[in-house]
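In what follows, a single structure is set out as structure tokens and then discussed.
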Amino acid sequence: MENVTIARLLDETADLLEIDAADPFRIRSYRRAAEAVEQQTTQLATLVDEPKQLLAIAGIGKSMASNIVDLVKSGSMPLREELLAKYRSTMLELLKLPGMGPKTVALIWSALGVADIDSLETAAKEGKLNDLPRFGQKQVDKILKGIEDFRKNTGRYRIDDATATAERIAALIREFPGIDTVTPAGSLRRGRETVGDLDLLVTGPACEPDCVAAVVDHVAALPLIANLIAKGQNKVSFNMRNGLQVDVRMLPKSSYGAALQYFTGSKMHNVALRQRAIKMGYTLSEYALARMDDSSIVASATEQEIYNALGLDYIPPELRENNGEIEAAQAHTLPRLIELADIRGDVHSHTIASDGRQTIREMAEGALAKGYKFLAITDHTKNLAMTNGLDDARALEHIAAIREVDRELEGRIRVFAGIEVDILGDGALDLEDSTLAQMDVVIGSVHTLFNQPYEEMTARILRAVENPYLRILGHPTGRKVMAREAYTFDLERVLRRCAELGVMVEHNAGMPRLDLSDRNLRLAKELGCRISVNTDAHAVSDFEQMPFGITQLRRAWLTPADVINTYSPEEFLAALRPRP
DNA sequence: GCCGTTTTCGGCCCGACTGTTTTCAGTCG
């Protein structure tokens, strides 16, 4: 059983406990445990015979460890079974409807026997809900609307889409006079690869308390709003046409830092921060860090002041997951995270020789314009026929053409000759060794190996990695971003072998379905792999995808030294696995 | 159910918005 599954089952147990009106602190323990499990880089299923290692995880105590062992061994656990016998598993879906919380779910169950979305809809339309306490027509309408939306769209939105939407909305809000800044907060600011909703924080002279009402009216009337959910004194919530929920908050300058900190989260990071504040005699809210005794404000204008007042170094948003960052900030041991400005090269790109859209020269000049010091041209091989992939003869010609451009641009940028070679069904590489020996960069890609049995897939990739000419394992997972992880092979074993052999592993910034997740990047670092971040550019404009890749590297706590793209061209060549 | 710079017991984060509540419960982030 994968960690994500264990985490989900623990979280669902917390939901059921809420419906059961259990002790809120017990419920929180289950939520904390679920979070902690999801953060782990090693699979807990391999630790069930060593409970001590489970107990070492913060948030996992004796009975939670026993729960995890039960889950791994039997697929369930006693408490979960007990609750499922008392209630229904379909209630977990009801909780996802807006406005439906555990109390309401418990109420309609005990009063009407309603436990799933279809019966809820029927009951609502028949007017049965109106007789219940705290139910009026508005509640009923909200539920029916919620059911409609739920069926229309489920799930999360990709960070690049959400970023574009945020920018569109921000531009419209800025049209109002007296707005200085519009900043995305929440999981978008933390760089999660998908976001559930959008939090925008707005500040400027127009957001001071005596005049904020006009801004609120302006935002609530934006033309791109599909459905207005709520409009308060300084907050507006609405849905976009695609279902994405947007929360916009207007804030005075004086408390902007506290608000930014608060709404950036994560929730678990904030909880930990608040507990720390209390121990120090403070209270932390979205308005300020204040003294508990006389409510005097200690810090509120910037995040930096707040973290410092709590005895911490500033914590970058990407690290705020309550995953050791607070302890590191206190000990002044936070890593100097990699930044976009550190990147000096991209070693995965395509040209018109295969399925790219620009020439070698154009790609090289595009990289030069980004300030890069090196670029590797890595077109496809013949096995991927639809990409017009290269055979040995064309590959050798291509190398000569790349060397030519490299000479033309001497002193300005290094252009390395490379190839993105397919790993064939038996684990062999798609070109002759004698051809591969001419290349600076050989990326082995897993494309065509999908949909094979786990063990076979693992064995074939391991065989490919053994080939001494293979120097980078290209976009090594077939996971789907929207559906969490979907490994098709034993990634941990492959990464371990890559580390032993000096094979670099790639984080693909341009293809979010083929990259390594932040958790797997952290695993790769722990195992000692050298990591490369590349855009897989098929045109110069694709180089612009790099920031999304950097964000994920930051979430994995990577420093410039961990990532070969920060090296000089000579250092990069030296870091490659030596030729036989 | 977890945890410990007072503690192995007694704590455990904070506030806004909504609806129908004439003083607050539930939901949400």
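Every heavy atom of this structure was used, including side-chain atoms; hydrogens, water molecules and symmetry mates were not. Letters go in sequence order (proteins before strands), and every chain restarts at 1.
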If we take the [atom1] atom in both [N] and [M], what is their distance in whole Å?
N: B/dC9; M: B/dC14; atom1: C1'; value: 25 Å
N: B/dT18; M: B/dT23; atom1: C1'; value: 15 Å
N: B/dG1; M: B/dT5; atom1: P; value: 23 Å
N: B/dA16; M: B/dT22; atom1: P; value: 23 Å
N: B/dT6; M: B/dG11; atom1: P; value: 16 Å
N: B/dT20; M: B/dA25; atom1: C1'; value: 11 Å
N: B/dG15; M: B/dG10; atom1: C1'; value: 25 Å
N: B/dC12; M: B/dT7; atom1: C1'; value: 13 Å

Does the [X] side chain pair with the main chain of [Y], one donor and one acceptor, at a distance under 3.5 Å?
X: A/Tyr157; Y: A/Leu244; value: yes
X: A/Thr551; Y: A/Pro547; value: yes
X: A/Ser285; Y: A/Tyr287; value: yes
X: A/Asp247; Y: A/Leu200; value: no
X: A/Thr163; Y: A/Ile159; value: yes

What is the separation between atom [atom1] on [X] and atom [atom2] on [N], rounded to the nearest whole Å?
X: A/Arg28; N: B/dG11; atom1: CZ; atom2: P; value: 15 Å
X: A/Glu35; N: B/dC13; atom1: CD; atom2: P; value: 15 Å
X: A/Asp141; N: B/dG19; atom1: CG; atom2: P; value: 10 Å
X: A/Lys145; N: B/dT18; atom1: NZ; atom2: P; value: 16 Å
X: A/Arg31; N: B/dG29; atom1: CZ; atom2: C1'; value: 13 Å
X: A/Gln261; N: B/dG29; atom1: CD; atom2: P; value: 18 Å
X: A/Phe135; N: B/dG19; atom1: CZ; atom2: P; value: 13 Å
X: A/Met64; N: B/dC3; atom1: CE; atom2: C1'; value: 13 Å

Checklist entry - Does A/Thr283 place a side-chain N or O at less than 4.0 Å from the phosphate oxygens OP1/OP2 of B/dC13? => result no
Checklist entry - Think A/Tyr287 has a side-chain N or O under 4.0 angstrom from the OP1 or OP2 of B/dA16? => result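 For B/dA16, OP1/OP2 do have a side-chain N/O of A/Tyr287 under 4.0 Å.
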What nucleotide among [options] has an atom nearest to a side-chain atom of [X]?
X: A/Ala230; options: B/dT18, B/dT27, B/dG29; value: B/dT18
X: A/Asp197; options: B/dG29, B/dC14, B/dC17; value: B/dG29
X: A/Arg32; options: B/dG29, B/dC3, B/dT27; value: B/dC3
X: A/Glu286; options: B/dG15, B/dG1, B/dG26; value: B/dG15
X: A/Ser63; options: B/dC17, B/dG19, B/dC2; value: B/dC2
X: A/Lys235; options: B/dC17, B/dG26, B/dC12; value: B/dC17

Shortest non-hydrogen contact from [X] toward [Y]:
X: A/Pro317; Y: A/Thr264; result: CB-CG2, 4.1 Å
X: A/Ala45; Y: A/Met1; result: CB-O, 3.5 Å
X: A/Glu492; Y: A/Leu527; result: O-CD1, 3.9 Å
X: A/Val219; Y: A/Ile173; result: CG2-CG1, 4.2 Å

Checklist entry - Parallel under 30°, tilted from 30 to 60°, perpendicular over 60°: which one fits the rings of A/His269 and A/Tyr307? => result tilted
Next on the checklist: Among residues 266-276 of chain A, which ones have heavy-atom contacts with DNA chain B below 4.0 Å?
Outcome noted: A/Lys267, A/Val271, A/Arg274, A/Gln275
Next on the checklist: Using a 4.0 Å cut-off on heavy atoms, which residues in residues 291-309 of chain A reach DNA chain B? List them by number, or say none.
Outcome noted: none
Item to check | First encountered from the 5' end of DNA chain B, between A/Gln245 and A/Ile27 | outcome: A/Ile27
Checklist entry - Taking for each residue the nucleotide of DNA chain B bearing the nearest heavy atom, is the 5' side occupied by A/Gln233 or by A/Gln139? => result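 The 5'-side residue here is A/Gln233.
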Item to check | Polar side-chain contact A/Tyr262-B/dG29 base: donor and acceptor under 3.5 Å | outcome: yes
Item to check | A/Glu325 and A/Arg320 ion-paired at < 4.0 Å | outcome: no
Under 4.0 Å between any heavy atoms, over every strand shown, what does [X] touch: base, sugar-phosphate, or nothing? Just pick one.
X: A/Arg134; value: sugar-phosphate
X: A/Lys231; value: sugar-phosphate
X: A/Thr104; value: sugar-phosphate
X: A/Leu97; value: sugar-phosphate
X: A/Pro102; value: sugar-phosphate
X: A/Ile278; value: sugar-phosphate

Item to check | Working for salt bridge (Lys or Arg N to Asp or Glu O under 4.0 Å), residues A/Glu193 and A/Arg158 | outcome: CA-CA 6 Å; A/Glu193 42 186 31; A/Arg158 269 173 48 178; over 6 Å; no
Checklist entry - Who is the Watson-Crick or G-U wobble partner of B/dT8, with both distances under 3.5 Å? => result none
